[in-house]
Visitor: 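One structure, as structure tokens, below. Some questions next.
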Amino acid sequence: MDVTFDALRDAVVAHRPALLVTLIDGPGTGDKLLLVEAEPPAGQLADPGLHRVVLRDAEASLAAGATSVRRYGEQGQANEDTVTVFFEAYAPPPRLVIFGAVDFTAALVRVAKVLGYRVTVCDAREVFATRARFPLADEVVVSWPHRYLAEVGSSLGPRDAVCVLTHDVKFDVPAIQAALATEVGYLGAMGSRRTTEQRAARLRAEGVSDEQLKRIMAPIGLDLGARTPEETAVAICAEIIARRTGRTAPSLRDRAGPIHPG
Amino acid sequence: MRELMKDLDRWRRQGKRIVVARVVDIEGSGPREPGAAMAVSEDGEVVGSVSGGCVESAVVSEALEILANGERHVVSFGYSDDDAFAVGLTCGGTVHLFLEPLDW
């Protein structure tokens, strides 16, 4: 089966991990392979030796979600560089799960969509968790947060984020406990310093360790002086980025060193 | 190419010929990561970007040339160019792009 743009588009639109291999220099420039998770690979490179080696590296790149350029000999020799191959990973977009269907949620959905997140809004209250209030959300779920996380929590990873905006102990203590049981990369909880302290005490009483409490970014967001829901959404998303890149987020002007993370 | 999918689909439905430029490698400082892409249609419409705006117009000329001759190839833009008027990245890095017709 030949590699087609349509097959790539279908995989990307369906959020399925995919890897497009393109021979970008050397004999056969333009030849392609397409790997989509849980499907047989499509495409064939002219030289069987090269095909075998590139397919092996493509499978590893798909598993790692890694984009790279590699060089081979015309028959796939490792120590030669007559053929250049581009491995382009299409990882599904990172996920943001927001618990609590409040005004701040609508703004956070909008900012997170700009950043390319697939956004879920989850709230147990049917009146608030509606599509009409969050038209940009990919998913609006009426459920208790901990029940929702029991279903999808195992699919959350280091690139994903959970924001707890309910600031109601009844909802956010079980939500945070459930989120702590996942491998989600960012976990933030909204609330004043007072609420944060009370919540921490409740979580400790539920058996959450100090080590686990350190994972929670609360009060949520960078110290930007944000007031409005929109400004707060920027402060939250900026914190998500900074936690992922491991930066402390001062102004660039006041720092030395490279602008782009290595 | 992810962020271009909708536009590429639309152009293809309209029967337009298209060239896609993808960042395949960067050396040193570069504003866009490998995988960033832009596309040029036969009537000179542009979507996406491959740098902070430094090399896009040069990519459009290259792309229109490829529409004429069909030759897919790698194009590199760097800072350390001897020609002061050459196109390059102001941030000091080198970006390698692969340009090809969307004929697959």
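By convention in this document, chain letters (A, B, ...) are assigned in the order of the sequence lines, proteins followed by strands, and residues within each chain are numbered from 1. Because the structure is a prediction, the values reported are computed rather than measured.
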Visitor: Show your working on side chain to side chain contact (heavy atoms under 4.5 Å, CB included) between A:Leu8 and B:Met5 and close with a plain yes or no.
Guide: CA-CA 9 Å; A:Leu8 173 66; B:Met5 294 276 170; 3.9 Å; yes
Visitor: Could you check which of B:Glu100, B:Glu3, B:His73, B:Arg22 has the highest count of heavy-atom pairs closer than 4.5 Å to chain A?
Guide: B:Arg22
Visitor: So what's closer than 4.5 Å to chain A heavy atoms on B:Val23: side chain, backbone, both or neither?
Guide: backbone
Visitor: Show the numbers, then the answer: is there a side chain to side chain contact (heavy atoms under 4.5 Å, CB included) between A:Phe5 and B:Leu102?
Guide: CA-CA 8 Å; A:Phe5 172 77; B:Leu102 188 59; 3.9 Å; yes
Visitor: Counting heavy-atom pairs closer than 4.5 Å to chain B, which one of A:Ala91, A:Ser68, A:Ala89 comes out on top?
Guide: A:Ala91
Visitor: Do you know the tightest heavy-atom contact between B:Pro34 and A:Phe86?
Guide: CB-CE1, 4.5 Å
Visitor: Answer yes or no: does atom CZ of A:Arg133 have more than 12 heavy-atom neighbours from other residues, nucleotides or ligands under 6.0 Å?
Guide: yes
Visitor: Supply the atom-to-atom distance B:Met1 CE to A:Arg9 CZ, rounded to the nearest 0.5 angstrom.
Guide: 12.0 Å
Visitor: Around B:Arg10, counting heavy atoms of other residues, nucleotides and ligands shown, do more than 12 lie under 6.0 Å from its CZ?
Guide: yes
Visitor: Are the side chains of A:Val13 and B:Lys6 in contact, using a 4.5 Å heavy-atom criterion?
Guide: no
Visitor: More than 12 heavy atoms of other residues, nucleotides or ligands under 6.0 Å from CD of B:Glu33: yes or no?
Guide: no
Visitor: Sub-4.5 Å heavy-atom contacts with chain B: which residues of residues 27-63 of chain A show up?
Guide: A:Thr29, A:Gly30, A:Lys32
Visitor: Do A:Thr22 and B:Arg72 get their side chains close enough for a donor-acceptor pair, meaning under 3.5 Å?
Guide: no
Visitor: In terms of heavy-atom pairs under 4.5 Å, which option from A:Val12, A:Asp2, A:Asp25 contacts chain B the most?
Guide: A:Val12
Visitor: What pair of heavy atoms forms the shortest contact from B:Val24 to A:Ile24, and how long is it?
Guide: CG2-CD1, 3.8 Å
Visitor: Using a 6.0 Å cut-off, check whether atom CG of A:Asp223 has over 12 heavy atoms from anything other than its own residue.
Guide: no
